[in-house]
Structures are given as C-alpha cells and as structure tokens.
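Just so you know, these numbers come straight off a predicted model, no measurement behind them. We number each residue from 1, following the sequence as shown.
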Amino acid sequence: MEQKKQKEQIAQKTQIAQKTLMQQYYQNLGISPQVYRFCQNIWESLSERFRKIDAVSEANQLKVLKALQENQVSEACMLGTTGYGYNDLGRDTLEKVYAGIFHTEDALVRPQITCGTHALALALMSNLRPGDELLSPVGKPYDTLEEVIGIRPSKGSLAEYGITYAQVDLLPDGGFDYEGIRRAINGRTRLVTIQRSKGYATRPTLSVERIGELIAFIKEIKPDVLCMVDNCYGEFVETIEPTDAGADMAVGSLIKNPGGGLAPIGGYIVGKKECVENAAFRLTSPGLGKEVGASLGILSAFYEGLFLAPNVTASALKGAIFAANVFERLGFAVMPNGSEERYDIIQAVSFGKPEGLIAFCEGIQAASPVDSHVRPEPWDMPGYDAKVIMAAGAFVSGSSIELSADGPLKEPYAAYFQGGITWQHAKFGIMRSLQSLVDKGIVLSDVLEL
Ligand SMILES: *Cc1c(COP(=O)(O)O)cnc(C)c1O
C-alpha cells in the first residue's frame, strides 16, 4: 500500500516536471507561460477530434502502402533517367502507384508539370477542342485559372482557341443550383470543372460525397460530359477521393498534400485512360505522350513524399483545427469554425484590421525553420487589387503544405493559413502567431487567463 502511494507520488512529480520542462522549451522560443497554458488547454480539448484524423490517416497510409507494394516499387525505381527518358521505370511505376491510390485507369505524375495551375491548364487544354464549352457549376474557379480560361483575357487562353466558358454560382446557402446547372448544360458542354477546396472564396469546401452527388446529377443530364475535379489541398483529407465518386479526372499539385513536403516540384493528373493520354500528348508532343520525360534524380522525393503524405496531411489538418479553436475562443471570425467537418487543409481567420493580419503573418514567419529571421511585408502582388502579405519559411519555395499564411490587406483582413509538415510545428506556429498578437497588444494577455 505504502509502496503504491509512493509510486503514484513519483509519477505525479515526473508529470509536473515534464510539463514545466515543456513550458521551458516553449519559453526558449519566445512563448509566454500565459500563451502556453491557453493553447495547451485548447489542445487537450481536441483529443477526440485528433483521434478521428489519425484514423483517416491510418486508412490512407495503408492505401498508399498497398499501391506501392502491388506495383512492386523497387530500389531501381528511385533512380532517374536523363535525355528522352525512354523506359523510365521509376516514373512509369510511380504513375501506376498514383492510379492505384486514386482508383483510376491511368495517371500522369511529372516534374515537367510545374505547378497546380499548369496541371489544371494541361487537363483542360488537352481535353477540350475548339467549339467546346467548359462549365463550372460551383462558382468562380481559383484566381490563376481565370487567365487559363480567359475570364481575364490572356495569351493562349482557352477563349483564344474558341472554347467558351459558362458558370453557375452556388446558392446563397452554399448548395448546388441544380436548376441553373440543368439550364447551363447544352450540346457544346464538354467538360465540367469542380473545385473541391474553397481556395480564397468564402464558400464551404466540398466533401467528396457532395462532389459525387453533383457528378451524378450532371452525368444523368449528359452522360458523355467529362467531370474534372481540382483536387488541390483535398488529397488524403478523407478516405475516398473524387475519382471514387465518379470524377473522370482529378488534378493537383505536388507541392501541396500528395508531395508530403518532400516533392520539390510537380503536378499530377489521374483519371480515365483517354483523358490522361490527351494530357500527356499535350505535355510532351502528339505521338510521344507518356513515353518521354526524363525524371532526372527526383523520383525518390516523389515516392517518399507520397508515402508520408497521409501523415503530413493529418498534421496540417490538426494545425488548421487547432488554429480555428484558438482564434475562435478569442472572438475572431474563423472559417471553417472550430467544430465543423473538414474537407481541405485551409483555415481562414479574420482579424478585422490590418495590424492583426500582419502580426499573425509575422508570427508564422518567426516560427519557420527557414528564414525565421526575416519579417514579411505587405506588397503589391501582380493580379491582386490590394497589397498582400505572405509568410513562408519553407524548405521548398512556395510550398503550401509547409506552414504558411497569406492574406490581402483589405476587409475583413483575413489570414489564410495552411500546412505544417509536422503537427508539432503547426502547433508551435499558431502559438507563435498568437504570441505576436499579444506582444503587439492586439490580444490582451488577461483574456488568455479566462
Ligand atoms: C493552389 C491551388 C491551385 C493552383 O496551384 P498552384 O500550384 O499555386 O499553381 C489551383 N486550385 C486550387 C484550389 C488551389 O488551392
């Protein structure tokens, strides 16, 4: 009895010592005891939620592993080719692995696809022909696609090639405007583009289930129309992907979720054999298609990044939920809110004034493993009508699966926050940004004691 009591006392003391030690580690990186305690309490309240995220990541980890094993990924796959890149085993096998994960007939996964916008442009331009019409039934697509489509005139846009564009906005409650969509589909409608993530818009992100409902509705009206999903930021957030819900193509960037933080460049298109073949012929050349395209030395980062991607996505997701709960508790408008289901890794926090947005971004920058000593400043970015502030201290330049934040300096002064290749770093980044708001007197430290 006496011994048991003694054991308990020692355990208790060890626990207190560990907590104090942890607080000390945070303090060494500039986090005050108040911010630490406030955030620690919020973190403790999220354990149930985090368990569910871990379960999704576990299922996705097994899905990725199965695809790697089934396609007999070998040591030789990690090597690269040069020149034309004929018979590049690693490249061809990686594409089979992607097709296995997304349950599609084929895949194009290449470092020659320079970014997400390029991958989307490629999928559109190669699968549409002059006279065809492209339809977006979920409102305005991502900013950079405006020039691809020709909504904003640009050299080489779809519009220049005689491909027209129609758009049906979501209803005010975020629902699909089924009647509007039915009216918009005509004899020339060839391809429907559906953006999963909200991007910088203020609509909700679409779940795979809802995307599936929309595709089923469209296919019933016109079975031969191609349905493409812009899958950016959505990969591995759920256990199914849009291609499991009827999409003919899903498209994304490797410096977001599926690159796992390791891919230094690249994009992917997964889908029907014919769609992918069209894209390959456009990427390289008619007749050459997937046969060329040397992988140089890059493939081990693609493979290992993909292997890590379910866990990395889970880390980013936890960071987004943690941020939502921290800033919601402090009275800021957050989207999605602290308890909503998640279908992408983006978190928006509105500060209502420029100082708040700037302080938040400064905190994220200061928390970075790279360039933590620099201070981000708002600047006039091409294509934006207000100054934009960006915080990123990433190993891969511009990578937004790594901890990063940005926002335009205009009402409602919202920061868009995403990424964190480890949960621990995402957590620290949020704490550091809160500290930055406290240090500037934007958040009063006695509020943290509540
Ligand atoms: C990031 C993103 C893109 C474009 O990707 P880039 O790699 O920045 O060119 C397109 N659509 C959505 C929804 C995105 O989040």
Side-chain angles (χ1 to χ4, degrees), residues 53-54 56-65 67-68 94 97-104 107-111 113-120 142 194-199 205-208 211 229-244 247 249-270 301-321 323 336 341-347 392 394-405 416-423 425-426:
I53 293 172
D54 286 335
V56 171
S57 142
E58 192 174 336
N60 283 328
Q61 183 70 75
L62 297 177
K63 180 160 72 170
V64 169
L65 187 61
L68 291 167
L94 181 68
V97 170
Y98 263 73
I101 291 167
F102 287 89
H103 305 123
T104 54
L108 189 67
V109 187
R110 303 276 166 134
I113 301 177
T114 56
C115 61
T117 304
H118 186 190
L120 288 157
Y142 197 75
I194 301 167
Q195 186 179 310
R196 181 170 173 183
S197 168
K198 65 184 163 302
T205 288
L206 303 175
S207 66
V208 170
I211 289 172
V229 174
D230 173 352
N231 208 23
C232 284
Y233 288 131
E235 299 92 349
F236 303 123
V237 172
E238 298 180 66
T239 52
I240 51 168
E241 297 291 339
T243 42
D244 295 314
M249 272 189 286
V251 181
S253 162
L254 298 196
I255 63 167
K256 293 178 179 172
N257 308 15
L262 292 186
I265 191 172
Y268 75 89
I269 298 171
V270 291
F302 282 17
Y303 276 109
E304 196 174 349
L306 179 64
F307 177 70
L308 294 176
N311 188 50
V312 169
T313 302
S315 297
L317 212 46
K318 287 175 184 174
I321 291 167
E341 271 305 312
R342 301 277 163 156
Y343 305 113
D344 68 9
I345 62 167
I346 314 278
Q347 180 63 47
F395 295 105
V396 171
S397 181
S399 164
S400 49
I401 187 62
E402 296 185 53
L403 189 70
S404 49
Y416 293 84
F417 157 83
Q418 68 271 312
I421 48 182
T422 70
W423 145 246
H425 183 235

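- The side chain to side chain donor-acceptor pair (under 3.5 Å) analysis of residues 306-320, with sequence neighbours excluded, yields the pairs D54-K318.
- A distance-only check finds no donor-acceptor pair linking the side chain of E238 to the backbone of I240 [under 3.5 Å].
- Distance check, rounded to the nearest 0.5 Å: CG of L254 to OH of Y98 gives 4.5 Å.
- For the pair F236 and V312, the minimum side-chain heavy-atom distance is 4.5 Å or more.
- Residues satisfying the side chain to side chain donor-acceptor pair (under 3.5 Å) test with T422, not counting sequence neighbours, are none.
- Qualifying salt bridge (charged side-chain N to carboxylate O under 4.0 Å, His left out) partners for E241, counting only residues two or more places apart in sequence or in other chains: R196.
- Qualifying side-chain contact (heavy atoms from CB on, under 4.5 Å) partners for A99, counting only residues two or more places apart in sequence or in other chains: T104, A107.
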(Q) Could you go through T243 and H103, starting from their C-alpha distance and side-chain angles, then the distance that decides it, and tell me whether this counts as side chain to side chain contact (heavy atoms under 4.5 Å, CB included)? (A) CA-CA 7 Å; T243 42; H103 305 123; 5.5 Å; no
Would you be so kind as to tabulate the donor-acceptor pairs closer than 3.5 Å made by side chains of residues 257-267, with sequence neighbours excluded?
from, atom 1, to, atom 2, distance (Å)
N257, ND2, Y233, O, 3.1
N257, ND2, E235, O, 3.0

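- Considering all non-hydrogen atoms of both residues, A405 and Q418 come closest at N-NE2, 4.3 Å.
- When the shell of 6.0 Å around CD of E304 is examined, it contains 12 or fewer heavy atoms from other residues, nucleotides or ligands.
- Residues passing the salt bridge (charged side-chain N to carboxylate O under 4.0 Å, His left out) test with D230, sequence neighbours excluded: none.
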